[in-house]
Amino acid sequence: MLKAVILIGGPQKGTRFRPLSFEVPKPLFPVAGVPMIQHHIEACAQVPGMQEILLIGFYQPDEPLTQFLEAAQQEFNLPVRYLQEFAPLGTGGGLYHFRDQILAGSPEAFFVLNADVCSDFPLSAMLETHRRQRHPFLLLGTTANRTQSLNYGCIVENPQTHEVLHYVEKPSTFISDIINCGIYLFSPEALKPLRDVFQRNQQDGQFCLALGEDSPGLWPGAGTIRLEQDVFSALAGQGQIYVHLTDGIWSQIKSAGSALYASRLYLSRYQDTHPERLAKHTPGGPRIRGNVYIHPTAKVAPSAVLGPNVSIGKGVTVGEGVRLRESIVLHGATLQEHTCVLHSIVGWGSTVGRWARVEGTPNDPNPNDPRARMDSESLFKDGKLLPAITILGCRVRIPAEVLILNSIVLPHKELSRSFTNQIIL
């Protein structure tokens, strides 16, 4: 018997996913036509012996999340439950807090997946590795180039046994080109080190109180546990943590730009996993180039040209002569005649007028470096917005013959002129 836990986090200040996260929780944002965490659930449901999938986070269980859970249970014929944290507990605090629910039924092991990663999820291969040689912690790892490895958790392994000898989260100097993918397979025994961290946090808090200090300002709280710093770094080299390396697709989804890149990766995977989701060129239909997803309820004019790497959501209207490339068009949006949308995300219910052009600048990994990953650099430099993909928030209206280039438009804006490299408030 197996279980899976998906860590979905919760709303935070200053998120790099705004303004898209204003309208829907980030884990439910559509990537390649389906909610981000549906890719995780689909991968977990295909593992033989999977009995339950648990979502842990501190989002309020609102209507979109409840509807998604109900639909997922029906589609995959598995219990899919949401466990709400009372406060942000870190990447490991929720696992320890809900340990009874995770261990109910005595699973032999449980997967732990961060919601903000895109992957082909080699879960069955990880399970085979775990069953050959059981250890409390098995991490999925991949490679990055020397410069970009500093942005991730770095793993030093024994190349013969694949034991993790050293682990550093976002080091200041180069440690290793093997990075943590945020996908794990834990034995039930893995919760014991989390208990030790919890108890140590309690002792630290009591010590601070004994000194008459304001303990919340001095310690993170007994329930807050960081898997990477508090567990992996501490246990590395003690024969408890191992790494399973993959050369499959993988990327973080931290910003809207990375969501567009993840959409491209998932669309390419659909050729093998879900060919029915990819639009096909038919006589009298729109011209399809490359991998394109079109929701069945969308209305697309036959003279439109779509692709490659385009995702069109529910109820979208695409007019005559529209050109779409490397973009996501969300629920209820309208692209009027002869608009051009390149490297952009068009928000829910937004309208792009006739002959308007919405264009962004991709921040894709270097295609000449097979180990290159998405950069996580800031959107700003010297107080200016750097060129990036263009994002139209919810219910934005772009009038006819207007150019929007490398800009972020917040929701409910109606523009009257062209903009370049702007955040439009």
Side-chain angles (χ1 to χ4, degrees), residues 7 9 15-17 20 26-27 29 31-32 36-37 39-40 43 91 112-123 125-126 138-157 162 164 166-184 226-229 232-233 243-269 291 308-309 311 326 328 343 345 360-381 386-389 391:
L7 305 177
T15 174
R16 287 174 281 175
F17 215 71
L20 302 172
K26 178 181 170 181
F29 180 80
V31 178
M36 188 186 301
I37 56 172
H39 298 285
H40 299 60
T91 50
V112 177
L113 304 90
N114 283 287
D116 59 353
V117 297
C118 158
S119 175
D120 52 6
F121 301 106
L123 305 185
M126 292 178 68
L138 180 64
L139 283 56
L140 183 67
T142 189
T143 55
N145 62 39
R146 290 178 65 94
T147 301
Q148 292 179 321
S149 67
L150 305 182
N151 299 322
Y152 304 95
C154 291
I155 298 169
V156 178
E157 68 156 353
H162 302 294
V164 175
H166 190 50
Y167 184 94
V168 182
E169 185 69 18
K170 296 181 180 179
S172 57
T173 59
F174 176 75
I175 300 293
S176 169
D177 61 358
I178 301 175
I179 61 172
N180 177 9
C181 291
I183 300 170
Y184 317 117
R226 302 166 301 174
L227 276 177
E228 300 80 7
Q229 295 93 331
F232 298 159
S233 294
V243 60
H244 176 90
L245 294 177
T246 178
D247 57 1
I249 67 169
W250 181 85
S251 179
Q252 286 186 327
I253 308 178
K254 296 293 187 182
S255 64
S258 56
L260 201 56
Y261 177 64
S263 181
R264 180 199 304 173
L265 296 179
Y266 279 136
L267 285 170
S268 67
R269 285 204 73 228
N291 299 319
N309 306 315
S311 175
E326 301 282 352
I328 297 175
H343 303 286
I345 297 178
T361 299
N363 185 30
D364 295 343
N366 182 356
N368 298 317
D369 183 353
R371 298 188 301 169
R373 302 294 169 185
M374 283 287 294
D375 282 325
S376 57
E377 296 179 356
S378 171
L379 290 173
F380 300 92
K381 185 177 182 179
L386 296 172
I389 74 163
I391 304 170

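Worth knowing before you read on, the calculation uses all heavy atoms, side chains too, and leaves out hydrogens, waters and symmetry mates.
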**Report entry** Side-chain donor/acceptor of Arg264 to backbone N/O of Pro308, under 3.5 Å
**Finding:** no

Query - Worked verdict on Ile389 versus Asn363 for side-chain contact (heavy atoms from CB on, under 4.5 Å) - result: CA-CA 8 Å; Ile389 74 163; Asn363 185 30; over 6 Å; no

Query raised in the report: Taking atom CG of Asn291 and atom CZ of Arg269, what is their separation to the nearest 0.5 Å?
Result: 12.5 Å

Query raised in the report: Looking at side-chain heavy atoms only, is the closest gap between Leu139 and Phe232 below 4.5 Å?
Result: yes

Query raised in the report: For the residue pair Tyr184 and Met126, what are the closest heavy atoms and their distance?
Result: C-CE, 3.9 Å

Query raised in the report: Between atom CG of Asn114 and atom CD1 of Ile253, what is the distance when rounded to the nearest 0.5 Å?
Result: 11.5 Å

Query raised in the report: Which distance, rounded to the nearest 0.5 Å, do you find between the CD1 of Ile183 and the OG1 of Thr246?
Result: 8.5 Å

Query raised in the report: Okay, side chain of His39, backbone of Val31: is any donor-acceptor separation there less than 3.5 Å?
Result: yes

Query raised in the report: Does the side chain of Thr91 come within less than 4.5 Å of Val112's, by heavy atoms?
Result: no

Report task. Measure across Ser149 and Cys154 and return the closest heavy-atom pair with its distance rounded to 0.1 Å. Result -> O-SG, 3.1 Å

Query raised in the report: If you round to the nearest 0.5 Å, how far is NZ of Lys254 from CZ of Phe17?
Result: 11.5 Å

Query raised in the report: Is Asn180 close to Tyr167 at the side-chain level, that is, under 4.5 Å between some pair of heavy atoms?
Result: yes

Report task. Classify the side-chain pair Asn145/Gln148 by whether it contains a donor and acceptor separated by less than 3.5 Å. Result -> yes

**Report entry** Pairwise distance NE2(His166) to OG(Ser176) - rounded to 0.5 angstrom
**Finding:** 9.5 Å

Query raised in the report: What pair of heavy atoms forms the shortest contact from Leu20 to Ala256, and how long is it?
Result: CD1-CB, 3.6 Å

Query raised in the report: Any side-chain heavy atom of Trp250 within less than 4.5 Å of one from Arg373?
Result: yes

Query raised in the report: Are the side chain of Lys26 and the backbone N or O of Asp116 linked by a donor-acceptor pair below 3.5 Å?
Result: no

Report summary line: Nearest heavy-atom approach of Glu326 to Asn309 is OE2-ND2, 2.8 Å

Query raised in the report: Do Leu260 and Pro362 have side-chain heavy atoms sitting under 4.5 Å apart?
Result: no

Report task. Taking all heavy atoms of Val168 and all of Pro171, pick out the closest pair and write down the distance. Result -> CG1-CB, 3.6 Å

Query - Atom of Ser119, atom of Pro122 and distance for their closest heavy-atom approach - result: OG-CD, 4.0 Å

Query - Beyond-backbone contact of Phe174 with Thr147, side-chain heavy atoms, under 4.5 angstrom - result: no

Query raised in the report: Quick one: NE2 on His40 to CG on Leu123, what's the gap to the nearest 0.5 Å?
Result: 9.5 Å

Query raised in the report: Taking the side chain as C-beta and beyond, is there a heavy-atom pair between Tyr261 and Pro365 under 4.5 Å?
Result: yes

Report summary line: side-chain contact (heavy atoms from CB on, under 4.5 Å) with Ile155: of Ile178, Thr142, Asp177, only one passes, and it is Ile178

